[in-house]
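Naming convention: chains lettered A, B, ... in sequence-line order (proteins, then strands); numbering from 1 in each chain. Values below: all heavy atoms of this structure, side chains included; hydrogens, waters and symmetry mates excluded.
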Amino acid sequence: MSSQVESPPVGKRESFSYDDNIVKLFVIATLIWGVVALLLGVTIAFQLADWRVNLGLPWTTFGRLRPLHTNAAIFAFCGNAIFAGIYYSHQRLLKARLFNDVLSQIHFWGWQLIIVSAAITLPFGITTGKEYAELEWPIDIAITLIWVVFAVNFFGTIVRRRERHIYVAIWFYIATIITVAVLHIVNSLEIPVSFLKSYSLYAGVQDALVQWWYGHNAVAFFLTTPFLGLMYYFIPKAVNRPVYSYRLSIIHFWSLVFIYIWAGPHHLLYSTLPEWAQTLGMVFSVMLWMPSWGGMINGLMTLRGVWDKVRTEPSVRFMATALTFYGMATFEGPLLSIKSVNAIAHFTDWIPGHVHAGTIGWNYMLISGVLFYLVPKLWNSELYSKKLAHTQFWFATIGLILYIVSMWVAGITQSLMWSAMDDAGNLIYPNFIETVIKIVPMYWVRAIGGTFVLISFVIMIINLYKTAKAGKKTAEKIYEANALDDSSIEHNASAHRKLEGWPMIFAVLSLIAILVGSGIEIIPSLVADKYILKIEAIKPYTSLELYGRDVYIKEGCYLCHSQTVRPMSHEVVRYGKPSNAAEFVYDHPFQWGSKRTGPDLARVGGKYPNMWHYRHFLDPRQVTQGSIMPRYTWLFENKIDYSDLSKKLQVMKQLGVPYSDEEILNAVENAKGQAQGIADELVENGKVPEKIVQMDVVALIAYIQRLGVDYSAVEEEESDEAASVK
Amino acid sequence: MKQQALSNFDMPWLPISALIIFVVCFCFYTWWTYKKDRIDQYILMSKIPLEDGEERKDKV
């Protein structure tokens, strides 16, 4: 390479090679899953613009494809890209081959198997109902095992390294490995009911807190820290000059790792989470601005003196653009965390707009830059066409801008319409559907923007395929470097310099940094019983309602409907009493949602007759003109599966839901009785076949009709008392 | 009323101690990072990505 590094005392000279075959495999997987993720994204974008794109099939509806899209984008596309980039840079930064080739292969094939499992289970509605953590418990265990394989391979390589100092990119990788493991394990704690069904260990507020601690930090430690590590390696590499400020990178690392983990509660502002925890989440989100921009500036300033390469070199152009979008997204994120801004933006389309500024603008752009650097090197070739790369760039950029701007417009329109009230305190748009119809044109713009991004990705695949195809096969390159042995130990080095050579201690310190913030967030949920008093009137779901709740989760209803009323005048007028933490103590998992494509359902129980819901599920446009909700005709054909019902109640009892032994024993009988009552009423009031009593739709109606009923009946005085602290 | 009740949640030590931990850590590592005697080390470290190891030409 061009620059000769002056090394500290050295050991004996050793020869070695790098395992680039595993990098190639991850690169190919990145391209395959990337196009799948984008195709799914475009599909669900069109589904929101026109409900008929749901195709009337259970496994192609929005509620089932949306988790598949997010999982494919995050864990399949970005995940494979991360592994490709990490394995390439890790070996070279440490001047050592990966620890074990077999572990590398297990890692690769195991990860692909997990993705395929997700691709099979999610469309079938096999889900935990927790956003970005939808995969059921056997897949969760597989993820844990494969992550351990990755960690062993990663740390084993560090142990066998020939470079004393651990470069800052590897610090980011270490933080990623440690934190993702902690997040995944804590959030996935659940009790299985069967091979493909489980209930979260946590309930209500507690579950919400853990879930968004996970959800927020999945973004932080899966979509940010590993990519920052890649940025710190590939930008200097692409422009052949060192990072602008190594000092700044150290401050960047520790501040980001320390602060990021605290900010999760900003997803739960104005919810029943304790006020101080919300404020803490907001303050730390705003503080996050500093390290985020520190990293962006450090990356961009590395390009000083070589800005012309942004024009001429596709890899540099994509990486510079990625950093620009990173700066934009990390400015917008803290802004959205400020309570007064959050009051406007939360539950609206502004949030998906923000999320895609990150995933397309930052992750996809950076991945493109890395791939344009990697593929010619791995396949020993020249990039097939710079012109194609620039065409891809403009398709991606224009598509993304269409996406973001349309979602800004949609989000602010929704928010203003939801909250518009006249002088007498009446809602100006009392019918929620008015606000939906208004933004459908923006959904079309978003879908077109997404299509542009998909086209850009296909262009990249063609370009990289042609590049790889033109490559010449060569023998594996052999490198030489000095081994680390006793003679290479810097006895007079400073304390931190030594620390940088002790990866395990470094990893432990990183773990402590994230655990401090996690503790602040998790402790309140562990002691939730102290501040959430149970209200006598709030009863557990009946066995049929519990089954109906599972149908609700299976169909992904929570992806479009929230179940929490914020303490704002317009929400109280529109929906009813603000939500209370005591309402959710039996909700394993919580179903507050994060988006209102449709109205909130926290107080929907009893608002409409059973027949209204029956017709609504059969064809939403029968009762709501202009609705974009898909039809759920299969709920009228799928029979209620009573086989696991007693077991479900039993598991709930284990989780603390006060079901009596009698209720568990008679779960099926009770469910059939309640279903018969609903079916009789439906049959009596309309042309409904009697066999409806056996169908899923009856259970779902039972659940929907229960929502908010108990709490709505509680007198104001009693609910205030219940909310007070011991 | 609910917000008032929740604001009484009796753990003020938690965010305060967290804030103190953060400020102390931040001050320490900023001071340590910007100590002038470490400039040479940083120059050395920042060049690590530019060096892949020496390619051996006489390989088997």
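Looking at A:R241, the atoms closer than 4.5 Å to chain B (heavy atoms on both sides) all sit in the backbone: N, CA, C or O. Only the side chain of B:F26 comes within contact range of chain A, with at least one heavy atom under 4.5 Å from a heavy atom of that chain. Looking at A:I259, only its side chain comes within 4.5 Å of chain B, counting heavy atoms on both sides. A:Y244 does not touch chain B: none of its heavy atoms, backbone or side chain, sits under 4.5 Å away.
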A:K377 vs B:D52, salt bridge (charged side-chain N to carboxylate O under 4.0 Å, His left out): CA-CA, chis, key distance, verdict: CA-CA 13 Å; A:K377 289 223 173 334; B:D52 282 355; over 6 Å; no

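For A:Y18, the ring-ring contact (aromatic ring centres under 6.0 Å, His included) partners at least two apart in sequence or on another chain are A:F16, A:Y479. Not counting sequence neighbours, the partners of A:Y167 by the ring-ring contact (aromatic ring centres under 6.0 Å, His included) test are A:Y246.
B:L50 contributes atom CG, which lies 6.0 Å from atom NZ of A:K237 (distance to the nearest 0.5 angstrom). Separation of atoms CG (A:L93) and CD1 (B:I48) is listed at 7.5 Å; rounding is to 0.5 Å. One distance of note links CD1 of A:I251 with OH of B:Y34; it measures 5.5 Å at 0.5 Å rounding. Rounded to the nearest 0.5 Å, atoms CZ (A:R247) and CE (B:M45) are 11.0 Å apart. Rounded to the nearest 0.5 Å, atoms NE2 (A:H165) and CD (B:Q41) are 9.0 Å apart.
When side chains are defined from C-beta on, B:E51 does not count as touching A:R92, because their heavy atoms never get closer than 4.5 Å. Here the side chains of A:W254 and B:T33 are not in contact, with every heavy-atom distance at 4.5 Å or above.
Classified by interplanar angle (parallel below 30°, tilted 30° to 60°, perpendicular above 60°), the ring pair B:F22/A:F284 is perpendicular.
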